[in-house]
A.B. asks: 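This structure is in structure tokens; I'll ask about it shortly.
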Amino acid sequence: MRTVLQRVTSARVTVAGEVVGEIGTGLVALVGVTHDDGPEEVATTVRKIAELRIMRDEQSVTDCGAAVLVVSQFTLHADVRKGRRPSWNAAAPGSVAEPVVEAVVAGLRERGIEVATGRFGAQMALDVHGDGPVTIVLDVPA
């Protein structure tokens, strides 16, 4: 599982002009799922998102009560080593990826974190107001 975390002052995702997810201060988590991702990768990803001390004053999302906007992002697994057209072979198909992304969302909510989401498989527009800038790539397993 590959996750890109960006610290934000605010972020929102819209689908067909409708806001489907929005947060204030917190993290945007773009989550890309591979074929082999399962409960262990979900648990590690949830723990890292919740506990990484990347918010202001070296706090975590949990420490400062910040929110997380989770957006599925299969393109994080693009292979661009050959040619001009990316290969998406490493990305899990939607039927595999969607429940894994939902498990990440559920795991964060179980920790008491406010979570907003995009809409799986939709054409989404993401408005992000970066804070820092702080952007972290989280590969699990590393």
Side-chain angles (χ1 to χ4, degrees), residues 1-16 18-83 85-142:
M1 185 176 309
R2 178 169 292 146
T3 304
V4 174
L5 298 173
Q6 185 170 16
R7 189 173 76 191
V8 300
T9 57
S10 65
R12 71 179 178 180
V13 62
T14 58
V15 174
E18 172 193 356
V19 175
V20 297
E22 186 169 20
I23 64 168
T25 300
L27 296 176
V28 170
L30 304 176
V31 179
V33 178
T34 63
H35 301 276
D36 299 328
D37 290 334
E40 287 182 32
E41 289 78 17
V42 168
T44 300
T45 299
V46 166
R47 180 176 52 79
K48 291 286 190 177
I49 293 170
E51 298 177 6
L52 278 174
R53 293 169 40 163
I54 58 175
M55 301 304 292
R56 294 205 177 263
D57 300 322
E58 294 188 21
Q59 291 188 316
S60 69
V61 167
T62 302
D63 295 334
C64 66
V68 178
L69 174 60
V70 176
V71 178
S72 61
Q73 189 73 36
F74 78 94
T75 60
L76 292 176
H77 291 292
D79 183 347
V80 296
R81 292 177 289 182
K82 292 172 53 178
R85 181 173 290 148
S87 167
W88 312 112
N89 291 339
S95 61
V96 173
E98 187 172 13
V100 174
V101 173
E102 288 175 358
V104 169
V105 170
L108 291 168
R109 287 180 175 151
E110 286 171 7
R111 287 175 162 258
I113 296 169
E114 176 190 341
V115 180
T117 66
R119 186 170 295 153
F120 194 91
Q123 179 67 40
M124 295 177 272
L126 189 58
D127 295 313
V128 176
H129 297 271
D131 181 19
V134 174
T135 304
I136 306 286
V137 177
L138 173 63
D139 283 318
V140 175

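When a residue number appears, it is its place in the shown sequence, counting from 1. Treat the numbers as computed from the prediction; the structure is a model and nothing was measured.
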A.B. asks: Pairs of donor and acceptor atoms involving the side chains of residues 22-39, under 3.5 Å and at least two apart or interchain, shall be tabulated with distances.
C.D. replies:
| residue | atom | partner | partner atom | Å |
| --- | --- | --- | --- | --- |
| T34 | OG1 | D37 | OD1 | 3.2 |
| T34 | OG1 | D37 | OD2 | 3.1 |
| H35 | NE2 | N89 | O | 2.7 |
| H35 | NE2 | A91 | O | 3.3 |
| D37 | OD1 | M1 | N | 2.9 |
| D37 | OD2 | M1 | N | 3.0 |
| D37 | OD2 | T34 | N | 2.7 |

A.B. asks: Using the test side-chain hydrogen bond (donor to acceptor under 3.5 Å, both in side chains), find all partners of Q73 that sit at least two apart in sequence or belong to another chain.
C.D. replies: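 By the side-chain hydrogen bond (donor to acceptor under 3.5 Å, both in side chains) rule, Q73 matches T75.
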
A.B. asks: Please list all pairs meeting ring-ring contact (aromatic ring centres under 6.0 Å, His included) that have one or both residues in residues 41-68, counting only residues at least two apart or in different chains.
C.D. replies: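 Those involving residues 41-68 do not exist here.
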
A.B. asks: Taking all atoms of both residues into account, what is the closest heavy-atom pair of G121 and S72, and its distance?
C.D. replies: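 Heavy atoms only, the tightest pair is N-OG, 4.3 Å.
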
A.B. asks: Work out which heavy atom in Q59 is nearest to a heavy atom in C64; give both atom names and the distance.
C.D. replies: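 That closest heavy-atom pairing would be OE1-CB, 3.1 Å.
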
A.B. asks: For the atom pair CZ (R7) and CG (L52), what is the distance rounded to the nearest 0.5 Å?
C.D. replies: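 Here the interatomic distance stands at 12.5 Å.
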
A.B. asks: For D79, which residues count as a salt bridge (charged side-chain N to carboxylate O under 4.0 Å, His left out) partner, sequence neighbours excluded?
C.D. replies: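 Per chain and number, D79 pairs via salt bridge (charged side-chain N to carboxylate O under 4.0 Å, His left out) with R81.
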
A.B. asks: If I take atom CG from residue L69 and atom CG from residue D127, how far apart are they, to the nearest 0.5 angstrom?
C.D. replies: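 Reported to 0.5 Å precision, the distance equals 10.5 Å.
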
A.B. asks: Please report the interatomic distance NZ(K48) to CG(D139), rounded to the nearest 0.5 Å.
C.D. replies: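 Result: 11.5 Å between the selected atoms.
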
A.B. asks: I'd like a table of donor-acceptor pairs (distance under 3.5 Å, sequence neighbours excluded) in which one partner is a side-chain atom from residues 94-106, with atom names and distances.
C.D. replies:
none

A.B. asks: Without swapping roles, check the side chain of R109 against the backbone of V115 for a donor-acceptor pair under 3.5 Å.
C.D. replies: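 Checked: pair present.
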
A.B. asks: Does any part of the side chain of L5, heavy atoms only, come nearer than 4.5 Å to the side chain of I49, both counted from C-beta?
C.D. replies: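 Result yes, sub-4.5 Å side-chain heavy-atom pair found.
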
A.B. asks: Sub-3.5 Å donor-acceptor pair from the side chain of T62 to the main-chain atoms of E51, do we have one?
C.D. replies: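 It does not hold such a pair.
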
A.B. asks: Consider side-chain contact (heavy atoms from CB on, under 4.5 Å). Of E114, M55, R111, R53, which one does V61 pass it with?
C.D. replies: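 Answer to the side-chain contact (heavy atoms from CB on, under 4.5 Å) test with V61 among E114, M55, R111, R53: M55.
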
A.B. asks: How many angstroms lie between atom CD1 of I113 and atom CG of L108, to the nearest 0.5 angstrom?
C.D. replies: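 Here the rounded value is 5.0 Å.
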
A.B. asks: Who passes side chain to side chain contact (heavy atoms under 4.5 Å, CB included) against V15, sequence neighbours left out?
C.D. replies: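 Side chain to side chain contact (heavy atoms under 4.5 Å, CB included) check on V15 returns V20, R119, A122, M124.
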
A.B. asks: Given D131 and R56, is the salt bridge (Lys or Arg N to Asp or Glu O under 4.0 Å) satisfied, shown in steps?
C.D. replies: CA-CA 9 Å; D131 181 19; R56 294 205 177 263; 2.4 Å; yes

A.B. asks: What heavy-atom pair brings P86 and V80 nearest, and what distance separates the two atoms?
C.D. replies: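 For P86 versus V80, the nearest heavy atoms are CB-CG1, 3.9 Å.
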
